[in-house]
Amino acid sequence: MAYFDNAATSFIKPPGVLACVQEAMLTMTSIGRGGYRQADLAAKAVYECRELAGLLFGAEPEQVVFTMNATHALNLAIRSLVKPGGRVVISGFEHNAVVRPLHALKAKITVAGKKLYDRENLLSAFDRAIRPGVDAVVCTQVSNVFGWRLPVEEIGALCRERGVPFVVDCAQSAGCVPVTLRTCGADFLAMPGHKGLYGPQGTGILICGRRPDPLIFGGTGSLAMLPDMPQELPDRVEAGTHNVPGICGLSAGLRFILEKTPEAIGAHEAELARYFSSGLRTEGKYRIFFDSDQTGVVSVQHRDLDCEMLAACLAARDIAVRAGLHCAPLAHRSAGTLDTGTVRISFSFFHTREDVAELVHTLRTI
Amino acid sequence: MSGYYFTFRSQTAAQHAARTLEHAGIEGFVMRAPKAVSRQGCGYCVHIYAEPQRAKIELAQQKIAWQRVYLQLPDGRWEEV
């Protein structure tokens with residue numbers, strides 16, 4: 001099977017991920033619930049994951065909050081910053097994980113930058129929109145549909161200058177683009193564990209530059225006499241039992257990334273995307289969305305085939321891609337592909353040029 | 001167990017403190033805080049055997065906030081130090 005849907009979930013994981021999950025299932029229970037060996041092993045393992053994530057994203061272990069996924073992390077950040085009916089600035093390339101929580105809050109949303117691959121347009125739109133009184137700016141670092149890298153460092157600088165909190169959606173960048181709280185000038189970095197960080201599904205991280213408010217309330221294994229959630233991170237926003245096996249698997253993924261470096265991983269994936277685009281470009285029946293500032297995510301359209309039909313043709317050949325709107329209708333509207341959708345191909349560090357050449361060959365035959 | 005008990009409001013803070021002390025060459029480990037010194041219930045502490053003053057300096061330098069430091073007396077009572 002050829003798997004090219006890594007922007008949804010990475011399928012091939014580094015050696016060690018499965019073993020760490022299995023070890024946790026066999027030897028660990030829950031953190032903060034006891035002083036016995038199984039609980040102690042779990043506590044040490046979860047803390048190690050906080051250290052690894054802190055190392056990668058420029059944070060102290062206490063600033064690393066575990067979530068179910070990036071959506072959960074984004075909801076935490078957004079609910080902490082945006083009051084009902086508040087004003088928010090977002091890019092024209094946001095995922096529904098950003099748009100829907102804001103819609104639920106009936107936020108007044110300004111969409112800044114709707115031209116695909118136009119960095120200057122995007123920056124000037126944010127420059128105009130970020131004003132005092134804005135509750136928050138939320139921006140993805142990489143479009144999940146088009147792989148376009150948005151200039152979050154410059155947007156973060158604008159936010160800092162104007163005293164507006166900044167949330168970066170790192171769903172497509174964590175693990176393959178260097179990012180820290182400081183370099184982005186961000187208050188929160190939200191990310192999944194199961195994509196570029198190579199962890200299992202059901203894991204996510206919120207890196208906190210400020211204290212978020214809880215979404216759910218309950219036991220933390222600490223300060224039990226308090227009727228309220230503790231003020232301290234991470235306990236404040238980690239009620240209930242942790243996904244210890246998932247977090248242990250995530251540690252193995254993080255160790256792999258720290259060893260290889262996000263720069264090297266990102267460079268390899270981007271090179272594969274370039275190779276793919278140049279290989280398919282000569283085939284007139286495909287439209288390829290590709291720009292120089294792009295990660296290993298590429299959208300394509302077939303001149304004659306509906307995007308879902310193309311994906312079905314590929315699935316019939318045991319090739320996994322994702323078609324449709326990718327939970328990002330805003331991004332498709334911005335790019336002018338809302339009516340048609342696209343087929344998204346997303347490469348992994350574990351792909352080779354031969355894998356890509358085979359995919360291009362198959363696409364040529366369809 | 002003889003020695004000093006630095007109490008913390010969260011397990012993660014205690015783990016961070018223990019790691020910091022380990023790097024400074026001060027041996028210790030994280031444990032659940034004895035109920036007698038855990039006023040708000042379910043607390044965590046770092047138990048070290050010696051050098052409480054140096055430990056305080058190391059933690060303060062890293063901006064790691066502990067709650068209190070206790071010494072257990074031979075008769076079992078707890079004394080804040």
Side-chain angles (χ1 to χ4, degrees), chain A residues 28-55 59-66 205-208 211 214 218-242 244 247 251, chain B residues 1-49 55-72 76 78 80:
Chain A
M28 300 175 196
T29 56
S30 180
I31 73 166
R33 303 298 191 270
Y36 48 87
R37 186 169 54 83
Q38 292 89 339
D40 191 46
L41 283 173
K44 284 177 176 157
V46 169
Y47 182 73
E48 188 195 355
C49 192
R50 293 191 206 279
E51 283 188 319
L52 293 167
L55 203 56
E60 294 294 336
E62 290 89 337
Q63 294 174 280
V64 177
V65 164
F66 292 117
I205 292 175
L206 182 66
I207 304 288
C208 301
R211 192 166 54 198
T220 57
S222 59
L223 306 174
M225 294 288 285
L226 293 180
D228 297 317
M229 292 297 285
Q231 294 295 310
E232 288 73 21
L233 285 177
D235 298 24
R236 180 168 177 74
V237 285
E238 288 187 355
T241 296
H242 290 74
V244 173
I247 290 168
S251 280
Chain B
M1 284 186 286
S2 62
Y4 301 89
Y5 296 75
F6 284 66
T7 64
F8 294 87
R9 288 173 63 89
S10 80
Q11 187 174 29
T12 307
Q15 290 173 304
H16 194 181
R19 185 76 89 206
T20 300
L21 295 179
E22 180 190 339
H23 289 157
I26 299 174
E27 192 187 347
F29 58 90
V30 177
M31 57 182 283
R32 285 176 72 86
K35 186 72 180 73
V37 301
S38 183
R39 297 173 184 194
Q40 291 170 311
C42 298
Y44 296 88
C45 65
V46 175
H47 179 210
I48 63 171
Y49 298 99
K56 284 182 179 180
I57 292 167
E58 295 289 347
L59 294 178
Q61 281 176 349
Q62 295 301 316
K63 298 182 176 147
I64 297 171
W66 66 92
Q67 288 182 289
R68 295 168 193 275
V69 184
Y70 294 95
L71 172 69
Q72 188 170 30
W78 296 88
E80 190 171 350

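Each chain gets a letter, A, B and so on, in the order the sequences are listed, and its residues count up from 1.
- Proximity to chain B is limited to the backbone of R33(A), based on heavy atoms less than 4.5 angstrom apart.
- Proximity to chain A (any heavy atom under 4.5 Å) is restricted, for R39(B), to the backbone atoms N, CA, C and O.
- For the atom pair CD (E238(A)) and CG (L233(A)), the distance works out to 8.5 Å, reported to the nearest 0.5 Å.
- Aromatic ring orientation, F8(B) versus F6(B): parallel (interplanar angle below 30°, classes split at 30° and 60°).
- To the nearest 0.5 angstrom, Q11(B) atom CD is 12.5 Å from M31(B) atom CE.
- With no hydrogens or angles considered, a side-chain donor-acceptor pair links T220(A) and S222(A) at under 3.5 Å.
- Residue Y44(B) touches chain A through its side chain alone, counting heavy-atom pairs closer than 4.5 Å.
- Counting heavy-atom pairs under 4.5 Å between each of G32(A), P234(A), G35(A), P230(A) and chain B puts G32(A) at the top.
- Contact of E232(A) with chain B is made through the side chain alone, with heavy-atom distances under 4.5 Å.
- Between the side chains of R9(B) and Q40(B), at least one donor N or O sits under 3.5 Å from an acceptor N or O.
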